[in-house]
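Note that these values count all heavy atoms, side chains included, but never hydrogens, waters or copies made by symmetry.
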Amino acid sequence: MGNCVRITKGMFEQERQSGRIFMGFLLGFAFMGYWMRGFLRYAAETGEPVNILETFIVVEQHYVNLLFLILGWLLVVSDAPFMKGNLYLLLYRCGRRSWNMGMLLYVLIQAFLYTAAMAAFTVIISSRLGFAGNMWSSPVYSLALDVGNNIGVKYNITFPWYAMMENMTVPQAFAVTFLFLYLYLVFLGMLLYVCTLLLSGIWGIVVVMGVHLAGYLRMMDGYIETSFFARAVPGNFIDETGAYWKSALLFLVLIAVLMALSTVFVKRIEFHPGTEVDG
C-alpha cells in the first residue's frame, strides 16, 4: 500500500504543472460557466436570491452541460495509462501490481479534484447572488415548474427535477449531484485506463467517447434505464422510493469490475528490459 501511495503522489508531483491538466480544468470551468451564466442571469432578473448550492445542482444536471463537461475530464486523463517511461518502476521498484494500483488511485483522486473544482467554482461565483441554508429558492421552484420551457428557451437552462426538490433539502441534493458526477467521472476514467491497457493509440478515447455519446443518445430517445449518461443525472431517478441509489450501486459495480480487469490487462504492457521488478 505504501508503494501505491508513493506512486500516486509522484504522479501528482509530476503532473501538477502539466499544461494538459491545466487546460482540462479550464475547459470544465468554461462549460460550467457558460450555462451558469444563463442560470444566474435568470435568477438576477427575478430579483430573488438563490441558494449558493443550487447553481451546481441545476447546472451540472443540465444535459448539454454534462455532455460537454466530460471533455475537460477526458483531457485531464487523456495520458492514460500514465506510463511516464516506467519512471515509477525504476524509482520504487514496485512491480506491475503496485504500479497499477497507484494509477487507479490517481484516477480516483483526480476525479474527486475535478468534481470538487467544478462545484467550488459554481458556489464561489453564485455567492454574490445567494444565501446558504436548506431551503430551495423561488427561482429554482419556478424553473422546475416551467413545463412549457419558456424560461429554458430564454435563458438556455432547465431543471425539470421537481421530485428532487420534494424529496431532498438543498445540501442533500448537492451531495447526491456531486456523488453521481464523481462516480461517472471515475467510471469513464477507469474505462479509458483499462481500454488503453488493452488497446493502443487513441482507441481508448474512441471507446470512452462512444460510450458517453451512446448514453446521451439513448437518454434522448427515452431509454434512461440503459443509459450510463442518464444515470449520472440523479434527477432522472429520484422519487420517494430512493431508486436513485441503484444507479450509484451500478457505477460502483462497474468501477470494481474495471479495476479487476486492469490487474489482468496490466500484464500486457511491454516494459523495457530491466525496468520491472517483481513486487
| task | Grab the two heavy atoms, one from P171 and one from G133, that are nearest each other, plus how far apart they are. | result | CD-O, 3.8 Å
| field | Rounded distance (nearest 0.5 Å) linking atom CG of N51 with atom CD1 of I57 | value | 7.0 Å
| remark: Sequence neighbours excluded, the answer for side chain to side chain contact (heavy atoms under 4.5 Å, CB included) partners of I21 is E15, S18, F25, V76, Y106, Q110
| Run the side-chain contact (heavy atoms from CB on, under 4.5 Å) check on V170 and N134 step by step: do they pass? | CA-CA 5 Å; V170 175; N134 294 330; 5.9 Å; no
| request: I would like to know whether T196 and L192 meet side-chain contact (heavy atoms from CB on, under 4.5 Å); could you show each step before the answer? | output: CA-CA 6 Å; T196 311; L192 174 60; 3.7 Å; yes
| note | Note: Q61 and G235 closest approach over all heavy atoms is OE1-N, 2.8 Å
| message | Per the ring-ring contact (aromatic ring centres under 6.0 Å, His included) rule, what does the pair list look like for residues 123-158, sequence neighbours excluded? | response | Y42-Y155
| query | What residue pairs, at least two apart or across chains, pass ring-ring contact (aromatic ring centres under 6.0 Å, His included) with a residue in residues 48-75? | reply | F31-F68, W35-H62, F56-F174, W73-Y114
| Is a side-chain donor-acceptor pair under 3.5 Å present for N100 with S262? | yes
| query | What are the two closest heavy atoms between L181 and L66, and how far apart are they? | reply | CD1-CD1, 3.9 Å
| Does F29 share a hydrophobic cluster with I124, counting links as ILVMFWY side-chain heavy atoms below 4.5 Å and allowing steps through other members? | no
| query | Would L108 and F12 show up in the same hydrophobic cluster when neighbours are defined by side-chain heavy atoms closer than 4.5 Å? | reply | yes
| said: Under the rule for side chain to side chain donor-acceptor pair (under 3.5 Å), what residues qualify as partners of T115, not counting sequence neighbours? | reply: none
| note | Taken in chain and number order and not counting sequence neighbours, the residues that satisfy side chain to side chain donor-acceptor pair (under 3.5 Å) with E60 are none
| query | Between F229 and G215, what is the shortest heavy-atom contact and its length? | reply | CB-C, 3.5 Å
| Residue pair S126 / L40: nearest heavy atoms and the distance that separates them | CB-CD2, 3.9 Å
| request: Spell out, yes or no, whether M135 and L143 are grouped together once hydrophobic residues are joined by side-chain heavy atoms under 4.5 Å, including indirect joins. | output: no
| What do the steps show when you test V233 against N236 for side-chain contact (heavy atoms from CB on, under 4.5 Å), and what is the final call? | CA-CA 6 Å; V233 179; N236 282 317; 3.5 Å; yes
| note | Applying side chain to side chain contact (heavy atoms under 4.5 Å, CB included) to A116 and not counting sequence neighbours gives F112, F178
| A132 and I52: which non-hydrogen atoms are nearest, and at how many Å? | CB-CD1, 4.2 Å
| Who passes salt bridge (Lys or Arg N to Asp or Glu O under 4.0 Å) against R37, sequence neighbours left out? | none
| task | Give the cluster check for V206 versus F265: same hydrophobic cluster or not, with ILVMFWY residues linked at side-chain heavy-atom distances below 4.5 Å. | result | yes
| field | All salt bridge (Lys or Arg N to Asp or Glu O under 4.0 Å) counterparts of E48, not counting sequence neighbours | value | none
| In Å, rounded to the nearest 0.5 Å, how long is the span from CZ of F228 to CG of L188? | 9.5 Å
| Straight-line distance of I70 CD1 to L75 CG, nearest 0.5 Å | 12.5 Å
| request: With the side chain counted from C-beta on, respond yes when T177 and P234 share a heavy-atom pair under 4.5 Å apart, and no when they do not. | output: yes
| said: I'd like to check the side chain to side chain contact (heavy atoms under 4.5 Å, CB included) partners of M168; sequence neighbours left out, ordered by chain and number. | reply: M164, Q172, A173, V176, I238, Y244
| remark: Rounded to the nearest 0.5 angstrom, the CE-CG distance for M118 and L185 is 9.5 Å
| remark: Contacts satisfying side chain to side chain donor-acceptor pair (under 3.5 Å) that involve residues 210-219 (not counting sequence neighbours) are Y184-H212, R218-T226
| message | Tell me every residue that passes side chain to side chain contact (heavy atoms under 4.5 Å, CB included) with V253, counting only those two or more places apart in sequence or in another chain. | response | L249, V257
| request: Using side-chain contact (heavy atoms from CB on, under 4.5 Å) as the criterion, point out the one residue from N156, V140, T122 that pairs with F39. | output: V140
| message | Here's a test for you: under side-chain contact (heavy atoms from CB on, under 4.5 Å), which of I157, T55, V58, N65 qualifies with M36? | response | T55
| field | Flag for Y162-N167: side-chain donor and acceptor within less than 3.5 Å | value | no
| task | Would you sort out whether M190 and M103 count as a side-chain contact (heavy atoms from CB on, under 4.5 Å), showing the intermediate values? | result | CA-CA 10 Å; M190 294 292 183; M103 299 302 103; over 6 Å; no
| said: Can you tell me how far apart CG (L67) and CE (M219) are? Round to the nearest 0.5 Å. | reply: 8.0 Å
| task | Working to the nearest 0.5 Å, report the span between CG of L258 and CG of L197. | result | 11.0 Å
| request: Report, as yes or no, whether the 6.0 Å neighbourhood of atom CE on M165 holds more than 12 heavy atoms from other residues, nucleotides or ligands. | output: yes
| Does anything in residues 223-234 pair up under salt bridge (charged side-chain N to carboxylate O under 4.0 Å, His left out), and if so which pairs, sequence neighbours excluded? | E225-R231
| task | Kindly work out whether a path of hydrophobic side-chain contacts (I/L/V/M/F/W/Y, heavy atoms less than 4.5 Å apart) joins Y223 to L250. | result | no
